[in-house]
Amino acid sequence: EVLLAALQDRLGPFLWDKMVRATVMADLRFPEGVHRGEDAAVVVGMAKRARRARVVARPTLNYYVNPASLTWGHVRPLAESRAAVDFVREGLGELAHDPAVARALTASAMMTYLTAAHQAIRGTGDAASRRAGVRAAASAFSWGDVAVTLRERPPVGAAGLLLKAAPGLYGRLYRAYVARAYNVGR
């Protein structure tokens, strides 16, 4: 249950917003060479070990967006996203073959590739390199992955569908969303 919640992004992909027993985190390591999505990979490893998780309904900290930060200000190579997905898959071991886990992993991978597209959309390079980054992220998952994710996590599947079918429109909508939700890029 905790593992599926982590893969389906019902726990959130970040470590900074979690309190975890030291025994659950013992010997877990971040994937080497991955600087984007590494938290999510460790959260999945943590969730694989945890017997239960609770979500605090009321936020206990505030998150601020810094446009120059590692999260918001840098475009990482798509290879890092692939490495993060592979790290999670390998960490799941035989569980990755369980049908429910495999579906959740497909949705989790799509979220990772959507994040890569978001970085490219907001990137600092020229327009052609940003478009190439968006196309590369869209090509990282298949139409079959979109179908699985539409059933598993409909909003994520819909985002993947739009990114694959109309990357330019997806980019415009994402930029408008970020401007409104985070007051970034106005």
Side-chain angles (χ1 to χ4, degrees), residues 1-93 95-96 101-124 133 136-137 140-141 145 149 152-153 155-157 159-160 163 174 177-178 181-182 184:
E1 176 70 28
V2 179
L3 176 61
L4 289 177
L7 286 169
Q8 295 169 341
D9 197 33
R10 289 185 283 132
L11 293 179
F14 306 108
L15 284 174
W16 59 262
D17 64 353
K18 295 172 182 42
M19 293 175 44
V20 182
R21 291 183 189 272
T23 54
V24 171
M25 294 300 292
D27 82 342
L28 279 178
R29 299 290 176 256
F30 286 90
E32 290 186 31
V34 176
H35 302 96
R36 179 71 178 218
E38 74 281 10
D39 276 17
V42 174
V43 167
V44 170
M46 172 201 71
K48 181 180 171 187
R49 296 175 175 189
R51 291 188 311 258
R52 65 178 181 223
R54 292 198 178 115
V55 175
V56 177
R58 190 179 56 137
T60 57
L61 57 91
N62 293 318
Y63 178 81
Y64 294 96
V65 173
N66 176 353
S69 73
L70 182 60
T71 299
W72 286 88
H74 300 278
V75 178
R76 305 303 308 178
L78 186 62
E80 284 191 24
S81 296
R82 287 189 180 105
V85 169
D86 291 344
F87 183 85
V88 169
R89 184 176 289 112
E90 290 165 13
L92 290 171
L95 283 174
V101 173
R103 289 189 306 271
L105 180 59
T106 298
S108 176
M110 185 169 298
M111 285 185 275
T112 300
Y113 297 131
L114 287 169
T115 300
H118 299 164
Q119 280 190 310
I121 291 165
R122 295 209 16 86
T124 57
F141 56 89
D145 295 337
T149 305
E152 188 71 18
R153 294 284 292 161
V156 176
L163 176 62
Y174 179 73
Y177 165 75
V178 167
Y182 299 108
V184 173

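Please read all numbers here as calculations on a predicted model, not as lab measurements.
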Nearest heavy-atom approach of Ser81 to Ala116 is OG-CB, 3.6 Å
Test Arg89 against every option in Leu95, Leu105, Val44 by the side chain to side chain contact (heavy atoms under 4.5 Å, CB included) rule and name the one that passes. Leu105
Looking at CG of Leu78 and OH of Tyr113, how far apart are the two atoms once the value is rounded to the nearest 0.5 Å? 6.5 Å
Nearest heavy atoms of Asp27 and Arg49, plus distance in Å: OD1-NH2, 2.6 Å
With heavy-atom distances below 4.5 Å as the criterion, would you say the side chains of His118 and Val178 are in contact? no
Donor-acceptor pair, side chain of Ser108 and main chain of Ala104, under 3.5 angstrom: no
Which heavy atom of Lys48 sits nearest to which heavy atom of Gly93, and what is that distance? NZ-N, 4.5 Å
Among Val42, Leu7, Val43, find the residue that satisfies the side chain to side chain contact (heavy atoms under 4.5 Å, CB included) test when tested with Val88. Leu7
Taking every heavy atom of Ala107 against every heavy atom of Glu152, the minimum-distance pair comes out as CB-CG, 4.1 Å
Do the side chain of Arg122 and the main chain of Tyr174 share a donor and acceptor less than 3.5 angstrom apart? no
Closest heavy-atom pair, Leu163 versus Ala117, reported as atoms and distance to 0.1 Å, is CD2-CB, 3.8 Å
pair Leu114-Met110: side-chain heavy atoms closer than 4.5 Å: yes
